[in-house]
Trainee: 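First, the structure itself, so that you have it in front of you.
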Amino acid sequence: MKARKILTLLGKFLMIVALMWPIPMGYILYPLIGWQVDMPMWGIKPGYWWPLLGPFVAGLLMCLVTRYKANQLSYKSVHKLQVGRLLFKLIGWSVLIVLVFIVVSLLIAGFHYLFFTDRFEYSAPALFCIIALIAIIVFGAAYYNNYDSSKHENLDEQMASYREAREQWKQKELEKEHRLEERRNASKQRKKHWTNIDN
Amino acid sequence: MTTNVNNRPNHLGDIIDYPTIALFGAILGFLLTGVLYATCGALMNAPKGDVLSWSSVLAGVACIVVSVLLASITSLYWAAVPARHGAVYPRLFGFGIIIAMMSFFSMVMMAAELSIWVENLIKNCWI
């Protein structure tokens, strides 16, 4: 067990070193010896960043292989922080920032080309006409399909049916859990019975 | 974060280990560089008469993709490997912030190089 623990710690150490290695390499070693040995900074060819992947993957594999399980407290019994959910939420927000930025800048550029040109007297009425044309087509399609707005106003009923379905699902889950618990208890009982007989 | 049902002994549910916090720094480094490169960098590298440089946007997005990959690795690590060895003390962020900052600046360097490399690659392939 001790060797296992040491191997886990070694794996973690390798991962940390691989993640922090570019600081000594980029600020100290590369300026010192980079001009002596032909060491590319970046690219497909093995550069100074390439060896980092080795220790990182090795450390991760060591941690995964020697994952330590104590008798008293399994890692499954401890509720952990929801790291994944937190990170992916953050990444989602930053992707959204990039998209919103692109959309806003393209809109500004588009309006610039549309309204701040010397053909403003044509572009503005053309935009107005395009919007009117789209509105006419949409209203025509709705008329053709016998659109009924009252169908979309019974939100309360929809919510009620949603809540009902949710309650049913919850009940089912509880029953499943209960059944599992019963089975577990039965298994324990059987185990106890047989061990008592053996003793 | 929900309430811990079993957080004994010694609030084991609240600990975080050094590799996780180093990975946090790495993810944030790639993410920040990617977002800045895809927004401000794209504005600054825009060719004359254009608003954005699309190759810069793609280079920034490549950095964000790398951060997504790192986040997946972090999730795998966090789900599979217990944090009780090599734990950060004081609990949660504590002194691990030094490790996180070092990893952050390392990965900002790597991301800057990656984005420049990707941008040149796109430009060379395009023409």
Side-chain angles (χ1 to χ4, degrees), chain A residues 5-6 8-9 11-27 41-44 47 49 52 56 59-60 63-64 66-70 72-75 77-88 90-91 94-95 97-102 105-106 108-110 112, chain B residues 1-9 12-14 16-20 22-28 31-32 34-35 38-39 42-43 50-52 57 60-61 64 67-68 71-86 92 99 102-103 105-107 109-110 113-114 116-117:
Chain A
K5 186 180 163 183
I6 288 167
T8 312
L9 278 171
K12 291 189 174 187
F13 177 74
L14 278 176
M15 282 173 74
I16 300 163
V17 166
L19 285 173
M20 299 192 311
W21 187 240
I23 283 193
M25 203 59 196
Y27 288 133
M41 270 297 261
W42 188 260
I44 290 292
W49 63 276
L52 298 178
F56 184 79
L60 188 65
C63 285
L64 288 177
T66 65
R67 73 182 194 190
Y68 179 77
K69 202 174 173 185
Q72 292 89 0
L73 199 71
S74 148
Y75 72 91
S77 68
V78 177
H79 188 278
K80 283 186 162 187
L81 296 168
Q82 292 177 327
V83 163
R85 217 173 268 188
L86 185 76
L87 287 175
F88 283 110
L90 196 68
I91 289 164
S94 36
V95 169
I97 287 170
V98 173
L99 287 179
V100 166
F101 180 85
I102 289 169
S105 49
L106 286 182
I108 290 169
H112 176 83
Chain B
M1 202 176 76
T2 49
T3 335
N4 285 333
V5 179
N6 181 1
N7 203 4
R8 295 185 302 268
L12 208 51
D14 291 341
I16 195 161
D17 60 345
Y18 280 107
T20 312
L23 278 163
F24 258 90
I27 291 160
L28 288 180
L31 200 62
L32 190 76
V35 170
T39 52
L43 274 185
D50 228 334
V51 189
L52 288 172
V57 171
V61 168
I64 295 172
S67 74
V68 170
S72 314
I73 289 169
T74 311
S75 295
L76 171 78
Y77 175 84
W78 185 253
V81 180
R84 74 175 75 84
H85 303 307
L92 281 181
I99 305 289
M102 281 183 81
S103 154
F105 285 117
S106 288
M107 292 304 140
M109 281 163 58
M110 303 269 283
E113 285 173 13
L114 174 72
I116 291 163
W117 182 67

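Since the structure is predicted, the reported quantities are computational estimates derived from the model, not experimental observations. Sequence lines set the chain letters: A, B, ... in the order given, protein chains first and strands last, and positions in each chain run from 1.
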Trainee: Quick check for you: among B:Ala71, B:Ser75, B:Ser72, which has the greatest number of heavy-atom pairs under 4.5 Å with chain A?
Mentor: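 Top option by heavy-atom pairs under 4.5 Å: B:Ala71.
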Trainee: Within a strict 4.5 Å, meaning less than it, do heavy atoms of the B:Leu28 and A:Leu90 side chains meet?
Mentor: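 With C-beta onward as the side chain, the pair touches.
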Trainee: B:Val61: which residues meet the side chain to side chain contact (heavy atoms under 4.5 Å, CB included) condition with it, sequence neighbours left out?
Mentor: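 With neighbours one apart ignored, the set is B:Val57, B:Val65.
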Trainee: Go through B:Asp17, B:Leu32, B:Thr39 and name the one with the most non-hydrogen pairs under 4.5 angstrom from chain A.
Mentor: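 Among the listed options, the one with the most contacts to chain A is B:Thr39.
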Trainee: Identify the two heavy atoms, one from A:Ser105 and one from B:Leu52, that lie closest to each other, and give their separation to 0.1 Å.
Mentor: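 Shortest heavy-atom contact: OG-CD1, 3.8 Å.
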Trainee: Can you name the residues that form a side chain to side chain contact (heavy atoms under 4.5 Å, CB included) with B:Ile116, not counting sequence neighbours?
Mentor: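 Partners of B:Ile116 by the side chain to side chain contact (heavy atoms under 4.5 Å, CB included) criterion, ordered by chain and then number, come out as B:Tyr37, B:Asn120.
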Trainee: By a 4.5 Å heavy-atom criterion (distance strictly below it), what part of B:Ile99 contacts chain A: side chain, backbone, both, or neither?
Mentor: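 Both parts, backbone and side chain.
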Trainee: Is there a side-chain contact between A:Phe101 and B:Leu43 (heavy atoms, below 4.5 Å)?
Mentor: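 Yes - at least one pair of side-chain heavy atoms lies under 4.5 Å apart.
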Trainee: Quick check on B:Met107 against chain A: is it the side chain, the backbone, both or neither that has a heavy atom closer than 4.5 Å?
Mentor: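 It is the side chain, since no backbone atom gets that close.
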Trainee: Pick out which of A:Ile16, A:Leu14, A:Leu19 makes a side-chain contact (heavy atoms from CB on, under 4.5 Å) with B:Pro19.
Mentor: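 Among A:Ile16, A:Leu14, A:Leu19, the one meeting side-chain contact (heavy atoms from CB on, under 4.5 Å) with B:Pro19 is A:Ile16.
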Trainee: Where does A:Met15 contact chain B at under 4.5 Å (heavy atoms): side chain, backbone, both or neither?
Mentor: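 Contact with chain B: side chain only.
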Trainee: What's the spacing between B:Ile27 CD1 and A:Phe88 CZ if we round to 0.5 Å?
Mentor: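 It is 8.0 Å, given to the nearest 0.5 Å.
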Trainee: Output the distance between atom CD1 (A:Ile91) and atom CD1 (B:Ile64), rounded to the nearest 0.5 Å.
Mentor: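 One gets 9.0 Å once the value is rounded to the nearest 0.5 Å.
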Trainee: Do B:Tyr77 and A:Leu64 make a side-chain contact, defined as non-hydrogen atoms from C-beta onward lying under 4.5 Å apart?
Mentor: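 When only atoms from C-beta onward are counted, A:Leu64 and B:Tyr77 do not touch, as no gap falls below 4.5 Å.
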Trainee: Heavy-atom cut-off 4.5 Å, strictly under: side chain, backbone, both or neither for B:Ala26 against chain A?
Mentor: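 Only the side chain of B:Ala26 comes within 4.5 Å of chain A.
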Trainee: I want to check something: taking the side chain as every heavy atom from C-beta on, are A:Leu106 and B:Val51 in contact at a cut-off of under 4.5 Å?
Mentor: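 In short, these two side chains do not touch, never coming nearer than 4.5 Å.
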